[in-house]
Amino acid sequence: MKITDKIKRCSLFLLTMSSASAVLGAELVLTNGDIIHGELEAESETTITWMSELFGVITVQRDNVQQIVIDQVAEAAPQPAPEAEAAGLSEPSSLSGSSQLSYNRKRGNTDSEEAYAEIDAQWQLGLYRHDLAIEAESEKTDGLTIEERYKADYQLNYMFDDRWFTYGKAGYEKDLFGANEEQQHVGLGIGYRKDFSNQLKIDAQTGISYLVVRKQDGKTEKGPAGRWALRLDWPFGSGFSLFHDHEILWSLRDINDSLLDSSTGMKIPLLGGVYSELRYDYDFINRVEGGEKRADHEFRVLLGYDW
């Protein structure tokens, strides 16, 4: 009986210890907060080759990798207090972003200066991802302001898995010299993200927005609008990458009433998180009044920093 009791106690102890631990799969944690499960295949000074459960074998630049968690047996993490879990604090947040600046000044028969600044920030907490973008632009010729524009966008994503998500979005833009002096929109929709084996990344979104536009003549137009947005990033060799980003809004009452905002270019690494960006920006408004321009395009050379 004594031996039997000892066996029972020993079995109970082992069962208790095993329930307090869990096998953690290997994780590749990226600087933008994404986590890719799988196994480490190979690594070099500049790249990580990873066998993903979803994407197969992929190659990632080391600059884009924050941490690698190799397969291990670890003690179960303590459960957060109910009030902390209710507040969404069950997982640590991940913050990343970039800032860009461009300044051009000319002296001669015509004196001009142009300044452009942009800040993009992303932070993820559990299944929720926040995206914030702020832009400001100003241009003067012979002391007179000929362009002044401000723009801010905020988007909240809820991630279903590594690829699919829903989003809610709000945006505001003021252009003192554009065809549309002021523009506001709020909306929601669904998105899809995928990393291909050739390192190409896509982020596609579609949804419905409510758009309010105030023209230069003071007229205000408002109503539902469709939205289609696409972001392509294609890294290649030593941190260089090509990108394309566009957003289209069109009135559901009149398909000919539409807005397009796009950027296409190349990102060139310089030192650490510092980089240069060569970019072509193109904006198009399908319906304008009087002699206003429909299209606005500009080549930019920017200096940026990833953080």
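In this text the structure is predicted, and so the values were computed from the model without any measurement. Just so you know, these numbers use all the heavy atoms, side chains as well, and skip hydrogens, waters and symmetry mates.
- Formation of a donor-acceptor pair under 3.5 Å by the T264 side chain with backbone atoms of R279 is not found in this model.
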Taking only distance into account, with no hydrogens and no angle test, what donor-acceptor pairs under 3.5 Å do side-chain atoms of residues 54-62 form with protein atoms, sequence neighbours excluded?
residue : atom : partner : partner atom : Å
R62     : NE   : S44     : O            : 2.5
R62     : NH2  : E43     : OE1          : 2.6
R62     : NH2  : S44     : O            : 3.0

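- The main-chain N or O of H185 is never found under 3.5 Å from a side-chain atom of S209 such that the two would form a donor-acceptor pair.
- For the residue pair Y103 and E113, a side-chain donor N or O sits within less than 3.5 Å of a side-chain acceptor on the partner.
- R300 forms no cation-pi arrangement with Y280, by the criterion of a distance under 6.0 Å to the ring centre and an angle within 45° of the ring axis.
- The environment of CZ in F284 is crowded: more than 12 heavy-atom neighbours from other residues, nucleotides or ligands sit within 6.0 Å.
- Around the CH2 atom of W234, the shell of radius 6.0 Å holds no more than 12 heavy atoms that belong to other residues, nucleotides or ligands.
- Remark: K219 NZ to R214 CZ distance equals 14.5 Å, nearest 0.5 Å.
- Closest non-hydrogen pair, F177 versus E148, comes out as CD1-N, 3.6 Å.
- The pair E181-K215 does not count as a salt bridge, with every side-chain nitrogen at least 4.0 angstrom from each carboxylate oxygen.
- Under the 4.0 Å criterion applied to side-chain N and carboxylate O atoms, E135 and R149 are assigned as salt-bridge partners.
- The cationic group of K267 lies under 6.0 Å from the six-membered ring centre of Y275 and within 45° of the ring axis, placing it in a cation-pi geometry.
- Within a 6.0 Å sphere centred on CZ of R107, other residues, nucleotides and ligands contribute more than 12 heavy atoms.
- Hydrophobic clustering (side-chain heavy atoms under 4.5 Å, transitive across Ile, Leu, Val, Met, Phe, Trp, Tyr) keeps F165 apart from W123.
- Surrounding NZ of K140 are at most 12 heavy atoms belonging to other residues, nucleotides or ligands under 6.0 Å away.
- Between Y158 and Y128, the distance separating the two ring centers is shorter than 6.0 angstrom.
- In terms of modelled atom types and a separation under 3.5 Å, the side chain of E182 and the main chain of L176 share no donor-acceptor contact.
- Looking at residues two or more places apart in sequence or on another chain, you find no side chain to side chain donor-acceptor pair (under 3.5 Å) involving D257.
- Looking at K169 and D153, a side-chain N of the basic residue comes within less than 4.0 Å of a carboxylate O on the acidic one, giving a salt bridge.
- The 12-atom threshold is exceeded at NZ of K194, counting heavy atoms of other residues, nucleotides or ligands nearer than 6.0 Å.
- N180 places no side-chain N or O within donor-acceptor distance of the main-chain N or O of Q183, the cut-off being under 3.5 Å.
- Of the N and O atoms on the side chains of Y116 and E114, not one donor lies less than 3.5 Å from an acceptor on the other residue.
- Residues forming a ring pair (Phe, Tyr, Trp, His ring centres under 6.0 Å) with F240 (at least two apart in sequence, or on another chain): none.
- Between K151 and D261 there is a salt bridge, since at least one side-chain N of the basic residue sits less than 4.0 Å from a carboxylate O of the acidic one.
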Test salt bridge (charged side-chain N to carboxylate O under 4.0 Å, His left out) on D233 and R231 and set out the steps.
-> CA-CA 7 Å; D233 286 291; R231 172 78 186 187; 2.9 Å; yes
